[in-house]
Amino acid sequence: MALTASEIKQINRLLLSWYKVSARPLKIRERSDPYAVLVAEVMSQQTQISRVDVFAERFLSRFPTLRSLARAETADVLQAWRGLGYNRRALLLHRAAVASHALGGIPTDVDSLEALPGVGPYTARAVAAIAGDGREIPVDVNIARVVQRLVGGRRLTPKPLQAVANGFGAHLKPGEAGRWAQAAMDLAGSTCLSVRPDCSSCPLRSVCRSKGRVRATRKKRSAASTVKFETTQRWLRGRLLDELRDAGVAGVRVRGARGGHDAAAVRSAIRRLEGEGLAERIDSGAYRLPRRSSRKVRR
DNA sequence: CACGCGTGGGG
DNA sequence: TCCCCAAGCGT
């Protein structure tokens, strides 16, 4: 059974007032600059949330404006991304900057945002809610858990889930959706935990339809033979990227074995990186970080 | 739609 | 020291 309007309003009220006293928002999310918010949201998908402020500020000090990122060489973006993981996301962020700079700025409506490279349903709604006046709730895995529990714990597929989440947004004032989302994420990380939620201290306990009847532990895990990390593609790609970062514009000849990968595997990996736009082959036969994005922006 | 993507931090 | 983990997006 769907929540009534008054139940939704009550939940919104409780959540926002709880947030006022006990939330620890990302500073970066309190900016109204859609560019800064986009950078922070992309990073928040791959790094400890508590470190996003530090990483985002570092990145933003190197590329303070959308224009500066849009005009940057791919190599410099990848250098600034060192240590942050998921290098393809740096490429996508760069391409999103190029595309939106050409449009005159980062859009703040969901549809235009979602058309940008690397920006999907979550990121689009997060930027629209935080930097714009969007009222659609960005649903990440944490907010999904909170919302599903609030309505009774039934697992919802993405589309119905988004619709239920938007039901909360529809009763918010303009500008509140971003805080609602931040509050729900904080609640998910501190109280409405995946494994052992602390319902007794939850500000929403009086209105939650799953209070006290959350299934105990869910375990999947194991199986999958233990694979040495040095034998994985991720490890190899990460090492090759760092070699390219260290080499600079002169590039480096990539030959020989790395960890558990023979020379042929290394050649194959560097060619794959080249195909993805993460490496550039130069005349000498060496590779370096690409000076410019080698692939077109997809649209 | 199932899978691949990177890294640093915590147990 | 070793093992486990995060989490949205593109393909």
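Every chain is numbered from 1 and lettered A, B, ... according to where its sequence line falls, protein lines coming before strand lines.
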Colleague: Quick one: which of B/dG6, C/dC9, B/dG4 gets closest to the side chain of A/T123?
Modeller: C/dC9
Colleague: Between B/dT7, B/dG6, C/dC9, which nucleotide has the shortest distance from any of its atoms to the side chain of A/Q45?
Modeller: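 Between B/dT7, B/dG6, C/dC9, the one nearest the side chain of A/Q45 would be C/dC9.
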Colleague: Taking the six-membered ring for Trp, are A/H261 and A/W235 parallel (under 30°), tilted (30 to 60°) or perpendicular (over 60°)?
Modeller: parallel
Colleague: Which of these nucleotides, B/dT7, C/dA7, C/dC9, is closest to any side-chain atom of A/V141?
Modeller: C/dA7
Colleague: Looking at every strand, decide which applies to A/R82 at a 4.0 Å heavy-atom threshold: base, sugar-phosphate, or nothing.
Modeller: nothing
Colleague: Starting at CZ of A/F55 and ending at P of B/dG6, how long is that distance when rounded to a whole Å?
Modeller: 16 Å
Colleague: What is the distance, rounded to the nearest whole Å, between atom CZ of A/R95 and atom P of C/dG10?
Modeller: 11 Å
Colleague: Now, which nucleotide makes the Watson-Crick or G-U wobble pair with B/dC1, with each of the two distances under 3.5 Å?
Modeller: none
Colleague: For A/R145 and C/dA7, what is the distance between atoms CZ and C1' respectively, to the nearest whole Å?
Modeller: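 Going from A/R145 (CZ) to C/dA7 (C1'), I get 12 Å.
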Colleague: Is there a donor on the side chain of A/R237 or the base of B/dG6 sitting less than 3.5 Å from an acceptor on the other?
Modeller: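 Not at all, since no donor on one side and acceptor on the other fall under 3.5 Å apart.
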Colleague: Give, for atom CG of A/L278 and atom CH2 of A/W81, the distance between the pair rounded to the nearest 0.5 Å.
Modeller: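 Going from CG on A/L278 over to CH2 on A/W81, the span is 12.0 Å.
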Colleague: Taking CG from A/L161 and P from C/dG8, how many angstroms apart are they, rounded to a whole number?
Modeller: 11 Å
Colleague: Between B/dG9 and C/dC9, how far apart are the two P atoms, rounded to whole Å?
Modeller: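 Going atom to atom, P in each nucleotide, I get 25 Å.
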Colleague: Whole Å only: how far is the CD atom of A/Q233 from the C1' atom of B/dG6?
Modeller: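 One finds 13 Å between C1' of B/dG6 and CD of A/Q233, rounded.
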Colleague: Please tell me which of the listed nucleotides, B/dG6, B/dT7, C/dG8, lies nearest to the side chain of A/D140?
Modeller: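 When the side chain of A/D140 is considered, C/dG8 is the closest of B/dG6, B/dT7, C/dG8.
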Colleague: Roughly how many Å apart are C/dG8 and B/dC1, using the C1' atom of each and rounding to a whole number?
Modeller: 15 Å
Colleague: Report the residue from A/E276, A/R245, A/R237 that forms a side chain to side chain donor-acceptor pair (under 3.5 Å) with A/N87.
Modeller: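 Going through the options one by one, the only one that passes is A/R245.
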Colleague: Using atom CG of A/L113 as one end and atom P of C/dG8 as the other, report the distance to the nearest whole Å.
Modeller: 17 Å
Colleague: Calculate the interatomic distance between A/E114 atom CD and C/dG8 atom C1'; express it in whole Å.
Modeller: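 Interatomic distance, CD of A/E114 to C1' of C/dG8: 12 Å.
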Colleague: Between B/dG11 and C/dA7, how far apart are the P atoms? Round to whole Å, please.
Modeller: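 Taking atom P in both C/dA7 and B/dG11, they lie 16 Å apart.
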Colleague: Which nucleotide, C/dC9, C/dG8, B/dG6, lies nearest any side-chain atom of A/P121?
Modeller: C/dC9
Colleague: Heavy atoms from C-beta onward define the side chain here; which of B/dG6, C/dG10, C/dG8 lies closest to that of A/R88?
Modeller: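 For the A/R88 side chain, the nearest candidate turns out to be B/dG6.
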Colleague: How many whole angstroms separate atom CD of A/E230 from atom C1' of C/dC3?
Modeller: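 Taking atom C1' of C/dC3 as the reference, CD of A/E230 is at 12 Å.
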Colleague: Using a 4.0 Å heavy-atom cut-off, does A/V119 contact any base of the nucleic acid, only the sugar-phosphate backbone, or nothing at all?
Modeller: sugar-phosphate
Colleague: Can you tell whether the side chains of A/R258 and A/E230 come within less than 4.0 Å, N to carboxylate O?
Modeller: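 No, no charged N to carboxylate O under 4.0 Å.
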Colleague: A/V147 and A/F168: side chain to side chain contact (heavy atoms under 4.5 Å, CB included), yes or no, with the steps?
Modeller: CA-CA 9 Å; A/V147 167; A/F168 293 99; 4.3 Å; yes
Colleague: Picking from C/dG10, C/dG8, B/dG6, which would you name as closest to the side chain of A/L92?
Modeller: C/dG10
Colleague: Heavy atoms only, 4.0 Å cut-off, all strands: where does A/Y86 land among base, sugar-phosphate and nothing?
Modeller: base
Colleague: State which residue, out of A/V39, A/D33, A/V37, A/L60, fulfils the side-chain contact (heavy atoms from CB on, under 4.5 Å) condition with A/I28.
Modeller: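 The single option meeting the side-chain contact (heavy atoms from CB on, under 4.5 Å) with A/I28 is A/L60.
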Colleague: Starting at CG of A/L69, measure out to CZ of A/R67 and round the result to the nearest 0.5 Å.
Modeller: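 The CG atom of A/L69 sits 12.5 Å away from the CZ atom of A/R67.
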Colleague: With A/R209 as reference, evaluate A/Q148, A/E7, A/R154 under the side-chain contact (heavy atoms from CB on, under 4.5 Å) test and give the passing residue.
Modeller: A/E7
Colleague: Closest approach to the side chain of A/R239, judged atom by atom: which nucleotide of B/dT7, C/dC9, C/dA7 is it?
Modeller: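 Nearest to the side-chain atoms of A/R239, counting from C-beta on, is B/dT7.
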Colleague: Assess the pair A/F59 and A/F55: is the distance between their ring centroids shorter than 6.0 Å?
Modeller: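 No; A/F55 has its ring centre 6.0 Å or more from that of A/F59.
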Colleague: Are any protein N/O atoms closer than 3.5 Å to N/O atoms in nucleotides 9-11 of chain B? If there are, list each pair with its distance.
Modeller:
| from | atom 1 | to | atom 2 | distance (Å) |
| --- | --- | --- | --- | --- |
| B/dG9 | OP1 | A/R51 | NH1 | 2.6 |
| B/dG9 | OP1 | A/R51 | NH2 | 3.4 |

